[in-house]
Amino acid sequence: MSKKIIIANWKMNPLTFKEAEKLFANVAKEVSEIKKTEIVVCPPFIYLEKLKKLSRKISLGAQDAFWNEVGAFTGEVSALMLENFGVKYVILGHSERRALGETNIDINRKLKSAISAGLLPILCIGENDRDENHEYFNFVKSQLLESISGIPKNLLYKITIAYEPVWAISTTFNRRDATPTDSKEMTIFIRKIISDKLGAGMKMPRIIYGGSVNNRDAGEFLEHGGVEGLLVGKASLDVKKFTDIVKIAENEND
Ligand code: PEP
């Protein structure tokens, strides 16, 4: 397994740059001794430039990127603009964006432009709920295959696939806890889909888990969830919780 990756999705938080700077600086201070774990923070777009100057250890990610490079697309930010800005990662297909109408076709276009701009995409997939007939496996399979359609096989490894069951995300109404077994089952399924597509000998994308991960269960997900990292939402806004998760991952790397 490759080096673990811990990604903070700050979503539309915090409200002021002052708070963002404090949160980022405190995280950077706490992780100064971390050597083997990749740490990524995805803040709102407008904080990226200033945060970039605060740490060389923490990579920056955006939370979306448009598929065209430049032009008349009011309100959008392109993957190439972000890359030019020193951003390394971009979250694409997050369930909160899908809920606003983003489709697998949109996500496919965004993935292609992100890869060609030189960004490393974090592709979020996951079912809204689970049904007794296990149809959710087909749902996740379609999300995955439609999102990566037409991307050359030798580039697929650049994508980090984040399995995020929507029913386990902290802000979902009536959310339930997912278990490392839920994650393990789905990651086996995802790996099989990708390896069937790639064939033998090709570099595989990394798979991570997200959905209400905190400093109490991060170790369990990393050890038994079949993943090489975690995408952390709510807990990433808390310096102690987030940096505890990073430290747990660092120990897992030993
Ligand atoms: C997310 O929405 O990407 C996420 C992981 O959120 P949370 O950890 O708050 O469930």
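These values consider heavy atoms only, across backbone and side chains, with no hydrogens, waters or symmetry-generated copies. Index from 1, following the sequence. Atoms within each ligand, like the ligands themselves, are counted from 1 in listed order.
Using a cut-off of 4.0 Å between Lys/Arg side-chain N and Asp/Glu carboxylate O, Arg176 and Asp129 are scored as salt-bridged. Using a 4.0 Å cut-off between charged nitrogen and carboxylate oxygen, Arg97 and Asp106 do not count as a salt-bridge pair.
Summary of contacts: the protein heavy atom closest to atom 1 (C) of ligand 1 is His94 NE2, 3.2 Å. At the top of the distance list for atom 9 (O) of ligand 1, counting protein heavy atoms only, stands Ser170 OG, 2.4 Å.
Counting non-hydrogen atoms of other residues, nucleotides and ligands closer than 6.0 Å to NZ of Lys234 gives a total of 12 or fewer.
Between Gly211 and ligand 1, a contact under 3.5 Å exists for no N or O pair.
With Lys247 as reference, Ile34 is the one residue of Thr37, Ile34, Asn215, Ile6 to meet the side-chain contact (heavy atoms from CB on, under 4.5 Å) rule.
Residue-ligand proximity: Arg175 is placed with every non-hydrogen atom at 4.0 Å or more from ligand 1. For Ala235, the heavy-atom gap to ligand 1 stays at 4.0 angstrom or more.
Using a 4.0 Å cut-off to heavy atoms of Gly233, the atoms of ligand 1 that qualify are 4 (C), 5 (C), 6 (O), 7 (P), 8 (O), 9 (O). Below 4.0 Å from some heavy atom of Glu164 lie the following atoms of ligand 1, by number and element: 1 (C), 3 (O), 4 (C), 5 (C). Close contacts of ligand 1 with Ile169, meaning ligand atoms under 4.0 Å from a residue heavy atom, involve 2 (O), 6 (O), 10 (O). Of all atoms in ligand 1, numbered sequentially from 1 with element shown, those under 4.0 Å from a heavy atom of Lys234 are 7 (P), 8 (O), 9 (O).
One side chain, Thr16 or Glu19, offers a donor N or O that lies under 3.5 Å from an acceptor on the other. Side chain to side chain, Lys112 and Asn108 meet the donor-acceptor criterion of an N or O pair below 3.5 Å.
The side-chain contact (heavy atoms from CB on, under 4.5 Å) test applied to Asn68 returns Phe66, Phe73, not counting sequence neighbours.
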